[in-house]
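Okay, so here's the structure we're looking at.
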Amino acid sequence: MNSKQTHRLLSLLMLAASLSLFSCHSSKELIYMKDVQNNQVIKALTDTITEYIIKPGDILYVSIKSMNAEVNALFNPESNMEAQNYSSHQKYTTPQGAYLYGFEVDERGNLQLPIMGDIPVAGHPNSHIEKIVQKHANKYLKEAIVKVKLLNYKVTIMGEVKRPGVYYNYNNNFTVLEALAMANGNTDYANLTNIMVIRPQPDGQKAMILDLATSDAWLQKGFYLHPNDYIFVEPNTHKNFQLNAQVFSMIISSASLLLAVFGLLK
């Protein structure tokens, strides 16, 4: 191989390397809701459509405090837990604690509470349960203060996020954006136009595809998560090329070095 051929081959390799750089993932593809304008009001679905409806098998945190110390001990046994070296925080923020100390909605849709008996809660929005329990508590207790939260509100996030895993939520509403934030955001390989949410249904698993690059995502039911949802952030079409880019660059560098040495030897 003469020097002219060597130069031509090196030029082709450099051209291939340059094309690989231009084929990289554009930063514009990683912008959320890039169609939003300044001072624009983004339309969203109402709480009545998006809020989770309590079902049999759900586990609720119930705190009822009143003027009666014995009643407080029934619903708030923190002092007993401390004696067992089990913190109040762990009582509800771990799966074990939730199932041990939470109140499960039975197969009939009732919440069984001491003193008050069965309280029908299934079929009601999550945010309404506290008012329902408060109404029953007022019948039996004087000046009772009721707090109720859903404990099994967990979602699983996988794919192109920085910290995949299972995350718990303790608010009445929970969005895909909040879940992604819990997972430390997406990676540079994420395809924001094709986020899949899988939701368990009585007749199977329902798949919903979200496009987070547009503000229309707020108008999709899958944008608002429910307990036990799975979120899959798929990779973009450039990922395989980008993963191989370093190997490709090493091959080009090695070939260039060999050709250079070969030219010197000639």
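Since this is a predicted model, take the numbers as computed values, not measurements.
- Counting only distance, with no hydrogens or angles, the side chain of His128 and the backbone of Ile53 share no donor-acceptor pair below 3.5 Å.
- Between the side chains of Asn172 and Tyr52, not a single donor N or O lies within less than 3.5 Å of an accepting N or O.
- Environment of OH in Tyr230: sparse, with no more than 12 heavy atoms of neighbouring residues, nucleotides or ligands closer than 6.0 Å.
- Between Tyr153 and Phe174, the ring planes lie perpendicular to each other; the angle is over 60°, past the 30° to 60° tilted range.
- Without hydrogens or angle criteria, Glu143 side chain to Met67 main chain gives no donor-acceptor distance under 3.5 Å.
- Here Met196 contributes atom CE and Asp229 contributes atom CG; the two are 13.0 Å apart, rounded to the nearest 0.5 Å.
- Formation of a donor-acceptor pair under 3.5 Å by the Asn236 side chain with backbone atoms of Tyr189 is found in this model.
- Put simply, the side chain of Asn138 gets close to the backbone of Gln134: a donor and an acceptor are under 3.5 Å apart.
- Looking at Thr193 and Asn191, their side chains do bring a donor and an acceptor atom within 3.5 Å of each other.
- Sparse packing is recorded around NZ of Lys131, with 12 or fewer heavy atoms of other residues, nucleotides or ligands lying under 6.0 Å away.
- Side-chain contact between Val197 and Leu210 is present, with heavy atoms from C-beta onward closer than 4.5 Å.
- Heavy atoms only, all atoms of each residue included: Trp218 and Lys43 are closest at CB-O, 3.3 Å.
- Taking CG of Leu212 as the start and CD1 of Ile195 as the end, the distance is 5.0 Å to the nearest 0.5 Å.
- A distance-only check finds no donor-acceptor pair linking the side chain of Asn171 to the backbone of Asn173 [under 3.5 Å].
- Here the closest non-hydrogen pair linking Gln201 and Lys206 is CG-CB, 3.6 Å.
- Counting all heavy atoms, side chain and backbone alike, Leu151 lies closest to Gly102 at CD1-CA, 4.0 Å.
- With Asn186 contributing its side chain and Ala190 its backbone, the two residues share no donor-acceptor pair below 3.5 Å.
- More than 12 heavy atoms of other residues, nucleotides or ligands lie within 6.0 Å of CD in Gln40, so this atom counts as buried by the packing criterion.
- Between Ala179 and Leu225, the shortest heavy-atom distance links the atoms CB-CD1, 3.6 Å.
- Of the possible donor and acceptor atoms, one in the side chain of Arg163 sits under 3.5 Å from a partner among the backbone N and O of Met182.
- Looking at Glu234 and Asn194, their side chains do bring a donor and an acceptor atom within 3.5 Å of each other.
- The backbone N or O of Lys147 lies less than 3.5 Å from no partner atom in the side chain of Lys149, so there is not a single donor-acceptor pair.
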